[in-house]
Amino acid sequence: MSNVVSPIAQYPALSAASESETIPEIGVADTLAALFGIFLPTVAKGVIMRRPAMLAIAEALDLDRRAIRGMQRIRDKYGSAPVRLRIPGRSFAVVLDPQDVHRVLAESPDPFATATLEKTATLAHFEPKNVLISRGAERADRRHYNEQVLEAHRPIHQMADQFVRIVESEAARLRADAWKQNRILNWKIFSDAWFRIVRRIIFGDAASEDNELSSTMAKLRYRANWAYLLPQRRALREELLTRIKTYMQRAEPNSLAGMMAHIPVTGQTAPEHQVPQWLFAFDAPGMTTFRSLALLASHPEQARAARQEIAARHSTQAQLLPFLRATVLESLRLWPTSPLILRESNSPTLWRNGVMPAKSSLIIFSPFFHRDDERLPFANNFAPKLWMGNPPNQQTSALIPFSEGPATCPGRELVLLLTTMMISELLSGTKVRLENRERLAPGKPLPATLNHFRLRFELK
């Protein structure tokens with residue numbers, strides 16, 4: 001058992017005989033129920049680019065709630081140790097216990113690689129040399145580069161004050177655009193402002209109105225939703241990468257591109273292939289900001305706490321806003337923007353119910369762990385205090401809004417800074433009223449799906 005990662009002593013309930021046993025498979029009927037009730041509906045909504053029609057269907061049919069129930073049924077029937085789906089030719093394992101989630105993420109990228117077959121087929125459509133689908137020395141090089149540019153280990157990025165000024169100017173423009181629409185703020189107005197912020201932060205002010213860049217990304221991302229079922233549009237991808245390299249060569253000051261010009265690279269780094277991931281990944285914080293605004297607009301007590309924190313901050317200065325950060329993290333818990341976290345085992349690994357074969361794809365369905373109402377008393381409530389003070393108990397929960405471990409999102413701190421500053425600007429001096437806020441009213445279980453495309457606010 002020299003290839004087994006975890007020692008048998010870690011699993012005292014494991015018998016000696018089971019060291020040679022493979023972790024069990026669930027039945028054919030249960031596999032089909034998992035595929036059609038949990039995983040396919042999640043994929044259908046669009047894991048790389050959200051499909052508005054499918055998201056509306058998921059909300060109307062409460063598909064996410066049904067998926068969580070489906071995961072609970074698997075655990076009730078087979079126990080909390082990982083189990084395999086009965087799929088010919090492939091080994092898929094479903095993680096069911098919080099401690100196993102923490103193990104998989106802590107032991108990434110080896111033995112649990114981030115570069116799974118499905119993820120590689122998906123992301124290769126627009127970033128074939130990105131860190132998430134790299135291995136070995138290439139991955140280490142690209143990960144280090146991402147951490148340097150995004151300053152993963154600093155709570156406040158060195159260019160944060162400039163970024164906050166960008167947020168302030170775009171929030172002011174957003175208000176003006178909403179006023180032209182009878183003071184209605186919808187997703188279209190918000191997302192236009194959000195992606196202007198993203199482009200300016202990554203490339204500088206020259207990219208502010210480069211909607212063609214975002215359009216090209218959207219085309220490639222829609223295609224990436226189909227992974228290996230559709231051929232790659234290589235010419236369009238090259239057009240995107242060329243456009244990115246042009247901005248990188250310009251290296252506008254007070255932008256990430258300007259910072260990149262001073263960070264050493266190697267022949268393996270492929271910096272232009274790291275940037276599309278940032279453009280793609282910043283879509284999720286936009287959704288989360290909009291949903292966070294909906295939570296605050298429908299929960300008066302938490303809204304008061306948010307406004308008190310906002311009133312105390314210094315304008316144009318980047319700073320940590322603990323309650324707004326907690327609100328954003330709580331929004332991500334309630335409605336994860338990365339519902340499927342995938343890993344692939346490089347070697348056989350030992351678990352308390354047997355051995356998982358090498359090349360097994362592990363599936364972590366984050367909505368199940370975030371909204372498991374059989375084990376989490378706060379599962380369906382808005383509870384931002386979870387994220388203030390002591391972190392959630394890792395023994396009983398796996399709340400992973402940005403993943404965790406060595407492969408955690410390197411942009412976490414920058415994302416939390418920008419989202420909280422955007423919420424701060426939108427709530428400063430403005431009353432925000434959510435239409436149809438009864439669905440999110442305090443005291444009622446929050447919906448398992450919240451369609452950000454259909455959220456509308458009235459600004460006063």
What is the ring orientation for Phe126 with Phe280, classed by angle as parallel under 30°, tilted 30 to 60°, or perpendicular over 60°? perpendicular
Polar contact flag, side-chain donor to acceptor under 3.5 angstrom, Ser360-Arg84: no
Between Arg143 and Glu147, is there a salt bridge with N-O shorter than 4.0 Å? yes
Donor-acceptor contacts under 3.5 Å from residues 441-448 side chains, at least two apart:
unit_1 : atom_1 : unit_2 : atom_2 : d
Lys444 : NZ     : Glu438 : O      : 3.1

Ring centres of Phe457 and Phe290 under 6.0 Å apart? yes
Run the side-chain hydrogen bond (donor to acceptor under 3.5 Å, both in side chains) check on Asn436 and Arg454 step by step: do they pass? CA-CA 10 Å; Asn436 300 320; Arg454 300 181 66 179; over 6 Å; no
Ion pair Asp283/Arg50, N-O distance below 4.0 Å: no
What heavy-atom pair brings Glu118 and Thr122 nearest, and what distance separates the two atoms? O-OG1, 2.9 Å
Answer yes when Asp192 and Arg196 have at least one side-chain N-carboxylate O distance shorter than 4.0 Å, and no when they do not. no
All pairs passing salt bridge (charged side-chain N to carboxylate O under 4.0 Å, His left out) where residues 353-373 contributes a residue, at least two apart: Arg69-Asp373, Arg75-Asp372
Any idea how Phe382 and His299 line up, ring-wise: parallel (<30°), tilted (30 to 60°), or perpendicular (>60°)? perpendicular
Checking Arg66 side chain against Leu61 main chain: does a donor-acceptor pair fall under 3.5 Å? yes
Enclosure of Trp226 CH2 (heavy-atom neighbours >12, cutoff 6.0 Å): no
Could Glu330 and Arg291 be called an ion pair, given the rule that one side-chain N must be under 4.0 Å from one carboxylate O? no
Ionic contact status for Glu127 with Arg142, cut-off 4.0 Å: no
What one should report as the nearest heavy-atom pair of Leu174 and Met422 is CD1-CE, 4.0 Å
Please step through side-chain hydrogen bond (donor to acceptor under 3.5 Å, both in side chains) for the pair Arg200 and Ser169, ending with a clear verdict. CA-CA 11 Å; Arg200 291 176 67 183; Ser169 67; 3.0 Å; yes
